[in-house]
Amino acid sequence: MKKHLFNKSLRVLLLTNAFILFAGAMLGPIYAIFVEDIGGHVLEAGLAGAVFALAAGITSLFSGYVADKMKNRVLIVVIGYMVMGAGFLFYNWVNSIATLFLAQIVIGIGEALYSPAFDLVYTRHLDKGKAGKQWGGWESMNYFTVALGAGFGGWLAYRWGFTPLFVIMSGLCLISSLYLLLLPKKLF
């Protein structure tokens, strides 16, 4: 019988998180072009990144506390994924720097909602003696999905523009959240 490096719970977490990371990576390398398309410049692109990070940093403090207190941490992950998906979809209506900042805040909150809870659930399901390998697997998945997402996102925006890109980014978040939501509770 073939033994997997990752147990079933970790495989599900890796798959759903890969969709989220892929979605975020789709915009990464072409983000400045999008900011320019709505009338912004390099400074606004940088400030939008700062707004995202501030929103995520503040939210992480609270979401980590909530994740420690809640029994169903996967539900927090689901909510975070959904909020990120809503933020990605909202990009379709961004037409000014102010609305860009609002989208960045929503996405930052979504990422910060899910991250501490995801880390808790992932850590809880690590196999004894395999923590380094299994966290290393997550790191590899992160880099591979970013590489694929960046290339695919650039191609998609080049070929069809930003609207389908944002819809697909949002869709990947929705798929991940619904998949986690519909799984049997005993898996986690």
J.: Measure centre to centre between the rings of Phe166 and Phe34, then say whether the value is under 6.0 Å.
T.: yes

J.: Check for me whether the distance between the ring centres of Tyr158 and Trp155 falls short of 6.0 Å.
T.: no

J.: Same hydrophobic cluster for Leu148 and Tyr143, using side-chain heavy-atom links shorter than 4.5 Å among ILVMFWY?
T.: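 No, Leu148 and Tyr143 fall in different hydrophobic clusters.
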
J.: Under the criterion side chain to side chain contact (heavy atoms under 4.5 Å, CB included), I'd like the reasoning laid out for Leu27 against Phe88: C-alpha separation, chi angles, the key distance, then a yes or no.
T.: CA-CA 10 Å; Leu27 183 59; Phe88 290 150; 5.9 Å; no

J.: Would you compute the distance between atom CG of Leu54 and atom CD1 of Ile105 and round it to the nearest 0.5 angstrom?
T.: 9.0 Å

J.: Does any part of the side chain of Ile79, heavy atoms only, come nearer than 4.5 Å to the side chain of Tyr114, both counted from C-beta?
T.: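 No; the side chains remain at least 4.5 Å from each other.
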
J.: Would a hydrophobic clustering, with Ile, Leu, Val, Met, Phe, Trp and Tyr connected at side-chain separations under 4.5 Å, put Phe144 with Trp135?
T.: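 The answer is no; the residues belong to distinct hydrophobic clusters.
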
J.: From Tyr81 OH over to Leu113 CG, what is the distance, rounded to the nearest 0.5 angstrom?
T.: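 That separation rounds to 12.0 Å.
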
J.: Specify the closest pair of heavy atoms between Gly153 and Leu165, including all atoms of both residues, with the distance to one decimal.
T.: CA-CD1, 3.7 Å

J.: Does some side-chain heavy atom of Tyr91 sit less than 4.5 Å from a side-chain heavy atom of Leu100?
T.: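 The answer is yes, as the side chains (C-beta and beyond) meet within the 4.5 Å cut-off.
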
J.: Any side-chain heavy atom of Leu172 sitting closer than 4.5 Å to one from Ile20?
T.: no

J.: Evaluate the side-chain proximity of Asn17 to Trp138: yes if any heavy-atom separation is below 4.5 Å, no if none is.
T.: yes

J.: Are Val146 and Tyr122 joined in one hydrophobic group, where the rule is that I, L, V, M, F, W and Y side chains link up if heavy atoms are under 4.5 Å apart?
T.: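 They do not share one cluster, since no chain of ILVMFWY contacts under 4.5 Å joins Val146 to Tyr122.
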
J.: Between Gly110 and Met84, what is the shortest heavy-atom contact and its length?
T.: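 It is C-CG, 3.6 Å.
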
J.: Quick check for you: to the nearest 0.5 Å, what is the distance between Leu187 atom CG and Leu13 atom CG?
T.: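 Rounded to the nearest 0.5 Å, the CG-CG separation comes out at 7.5 Å.
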
J.: For atom CZ of Phe62, is the number of surrounding heavy atoms from other residues, nucleotides or ligands below 6.0 Å larger than 12?
T.: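 Not buried by this count: 12 neighbours or fewer within 6.0 Å.
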
J.: Does atom OH of Tyr179 have more than 12 heavy-atom neighbours, drawn from other residues, nucleotides or ligands, at distances under 6.0 Å?
T.: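 Count not over threshold, so no.
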
J.: With no hydrogens and no angle check, is any side-chain donor or acceptor of Asp127 less than 3.5 Å from a backbone partner on Lys130?
T.: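 Between the backbone of Lys130 and the side chain of Asp127 there is no qualifying donor-acceptor contact (under 3.5 Å).
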
J.: Kindly compute the distance separating CZ (Phe118) from CG (Leu180), expressed to the nearest 0.5 Å.
T.: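 Interatomic distance, Phe118 CZ to Leu180 CG, rounded to 0.5 Å: 9.0 Å.
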
J.: Between Gln104 and Ala48, what is the shortest heavy-atom contact and its length?
T.: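 Of all heavy-atom pairs spanning Gln104 and Ala48, the closest is NE2-O, 3.3 Å.
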
J.: Is there a donor-acceptor contact under 3.5 Å from the side chain of Arg73 to the main chain of Phe188?
T.: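 Side chain of Arg73 to backbone of Phe188: no pair is present.
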
J.: As an exercise, state the distance from OG of Ser63 to CD of Glu111, rounded to the nearest 0.5 Å.
T.: 10.5 Å

J.: Which heavy-atom pair separates Leu5 from Gln134 by the least distance, and what is that distance?
T.: O-NE2, 2.8 Å

J.: Taking Ser176 for the side chain and Thr16 for the main chain, is one N or O donor matched with an acceptor at less than 3.5 Å?
T.: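 At least one qualifying donor-acceptor pair exists.
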
J.: To the closest 0.5 Å, what do you measure between CG (Leu89) and OG1 (Thr163)?
T.: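 Leu89 atom CG to Thr163 atom OG1 measures 10.0 Å (nearest 0.5 Å).
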
J.: How about Trp93 and Thr99: do any of their side-chain heavy atoms sit closer than 4.5 Å?
T.: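 Heavy-atom side-chain distance check fails, nothing below 4.5 Å.
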
J.: Assigning hydrophobic clusters by single linkage (Ile, Leu, Val, Met, Phe, Trp, Tyr; side-chain heavy-atom cutoff under 4.5 Å), is Val94 placed with Leu43?
T.: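 Both belong to a single hydrophobic cluster.
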
J.: If you take all heavy atoms of Ala112 and Thr59, which pair is closest and at what distance?
T.: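 Looking at all heavy atoms of both residues, the closest pair is CB-CB, 3.5 Å.
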
